[in-house]
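First the structure, in the form of structure tokens, and then the observations on it.
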Amino acid sequence: MLFKNGINLFIENFKNVYKVLLYKAILLVISFSLYSALLLPHVMQIFESSAMQELIHNAKELVYALFDGNSTAVHALHEQIEASLRALFEFISSKTLKIILSVIGCVFVYLFTRFIDNLGYFSFGQILGDKMETYGDTPFASAYVKNLGRGSAYSAVYVLAAFLYDAIVVAGCYFLFFYLLSFLNIFISIFLSVTAIVIANALKLTLTSTWLPSMTADGYSLKQALTSWKNVQKKLRSGVFSTYLVSIYMVMVVNVVFGLATFGSALIFTVPASFFFFICLQYVNYYTLTGKKYFINYEQIVTNELHGDESLAVEHIAHVAEGQFVENVEKAETPEDGEKY
């Protein structure tokens, strides 16, 4: 039910995918510019160095010698290539400090872009929450400015927590499957690594699923939001985890299949769509767990039978039915073309 309602809510609010696309495109341009400013000068210096030029020249000569079958030249060029590689490594070593500083700068750029990305996530969550509660359309700019302070606090905490969590998961999987279990077939190791990463991400999404909705829907402070998962009944937690696990695999399949089938072109839409789908799923999970009624579309309100009554749903459905009845009556009373009173 959670997955189904998440899909329905996603389809009903699909127009927000284009807003996500525009936001991510702007962020991509900014991040690419910052990465280029940090890395491009060093990359250009390395490629323009005499050691690199000599290595490229020797590699070309080696290819020509292999095609000509000149074993003497191949042996000589092999030694020259080894010498060129040593010279190149010495040149790179001389710039170790600058390279390290650039890498640190790239880490900060990554955290900065994740921070801005989560500010957008917070704003889209606010838009979706307003749609689910009142069926109102909140402008993105309005939601962004309104939640700038609270969204910044949420983004800072979430980005740091997610960065540390992801680093531990990746390092743990690498050490476990490529060192402790290195005796296994490479394909088995990759299979186990991907499985572990998917499960870890599903767990992360589950544990943090109440943070954002609790702040936008219930006005929780950041401190209250961070502990809001404890309020979820234990018998309901496995359902949330299962929903995220299935969703991650589905999103992976959709992006891979569409990406390969369209030579990457479809990723322009599937990536932001995946981003927005997880927002929809997060809010459906929270509203269901807390017993909140919410709109899926204009004529359908979802209620949780375990919480409260269904008066809002009954009232709204009656209103829609009344409107349709009046419309039908008016059509019946209106004479057709050519008909006299």
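- At least one side-chain heavy atom of Met215 sits less than 4.5 Å from a side-chain heavy atom of Phe122.
- There is a path of hydrophobic side-chain contacts, each under 4.5 Å, that joins Leu22 to Leu27.
- Each of Tyr287, Tyr244, Tyr121 was checked for a side-chain hydrogen bond (donor to acceptor under 3.5 Å, both in side chains) with Gln282, and the lone residue meeting it is Tyr121.
- When Val256, Val257, Asn255 are each tested for a side-chain contact (heavy atoms from CB on, under 4.5 Å) with Thr270, only one passes: Asn255.
- Residues in residues 103-131 take part in these salt bridge (Lys or Arg N to Asp or Glu O under 4.0 Å) pairs, two or more places apart or across chains: Lys24-Asp117, Lys131-Asp137.
- Here the CD-CG distance, from Gln80 to Leu85, works out to 12.0 Å after rounding to the nearest 0.5 Å.
- In this structure, Ser247 OG and Phe278 CZ are separated by 5.5 Å, a value rounded to the nearest 0.5 Å.
- For the pair Thr216 and Tyr283, the minimum side-chain heavy-atom distance is below 4.5 Å.
- For the pair Leu88/Ser49, a side-chain contact is recorded, criterion being any heavy-atom separation below 4.5 Å from C-beta on.
- For Tyr249, the OH atom sits in a packed shell: over 12 heavy atoms of surrounding residues, nucleotides or ligands are nearer than 6.0 Å.
- Considering CD of Glu90 and CZ of Arg86, their distance stands at 8.5 Å, rounded to 0.5 Å.
- Note on ring orientation: taking the six-membered ring where Trp is involved, the planes of Tyr18 and Phe269 are perpendicular (angle over 60°, cut-offs 30° and 60°).
- Relative orientation of the Phe276 and Phe10 rings is tilted, given thresholds of 30° and 60° on the angle between their planes.
- In the hydrophobic clustering of ILVMFWY residues, with side-chain heavy atoms under 4.5 Å counting as a link, Phe108 and Ile100 come out together.
- Counting heavy atoms from C-beta outward, Thr206 and Trp229 have side chains that approach closer than 4.5 Å.
- The side-chain heavy atoms of Leu226 and Trp211, taken from C-beta on, include a pair separated by under 4.5 Å.
- The shortest distance between side-chain heavy atoms of Arg150 and Asn147 falls below 4.5 Å.
- When hydrophobic clusters are built by joining Ile, Leu, Val, Met, Phe, Trp and Tyr residues whose side-chain heavy atoms come closer than 4.5 Å, directly or via intermediates, Ile168 is not grouped with Leu111.
- A donor-acceptor contact under 3.5 angstrom links the side chains of Lys95 and Gln45, judged on distance only.
- We find the CD-CG distance between Glu133 and Leu128 to be 10.0 Å, quoted to the nearest 0.5 Å.
- Between the side chain of Ser155 and the backbone N or O of Leu119, at least one donor-acceptor pair lies under 3.5 Å.
- Listed for the Asp218 side chain is no donor-acceptor partner under 3.5 Å among the backbone atoms of Ser214.
- Annotation: the span from Tyr23 atom OH to Phe140 atom CZ amounts to 5.5 Å, rounded to 0.5 Å.
- Ser228 and Thr210 are linked by a side-chain donor-acceptor pair at a separation below 3.5 angstrom, with hydrogens and angles left out of the test.
- Applying side-chain contact (heavy atoms from CB on, under 4.5 Å) to Phe241 and the options Leu205, Ile199, Leu207 leaves one that passes, Ile199.
- With rounding to the nearest 0.5 Å, the separation of CG in Leu21 from CD1 in Ile268 is 7.5 Å.
- Under 3.5 Å, the side chains of Asn5 and Tyr294 contain a donor-acceptor pair of N or O atoms.
- Under the 4.5 Å side-chain heavy-atom criterion for ILVMFWY residues, no single connected hydrophobic cluster contains both Phe115 and Leu160.
- Under a cut-off of 6.0 angstrom, the local environment of OH in Tyr144 is crowded, with over 12 non-hydrogen atoms contributed by other residues, nucleotides or ligands.
- In this structure a side-chain-to-backbone donor-acceptor pair under 3.5 Å is missing from Ser242 to Gly239.
- Screening residues 266-283 for salt bridge (Lys or Arg N to Asp or Glu O under 4.0 Å), with sequence neighbours left out, gives no hits.
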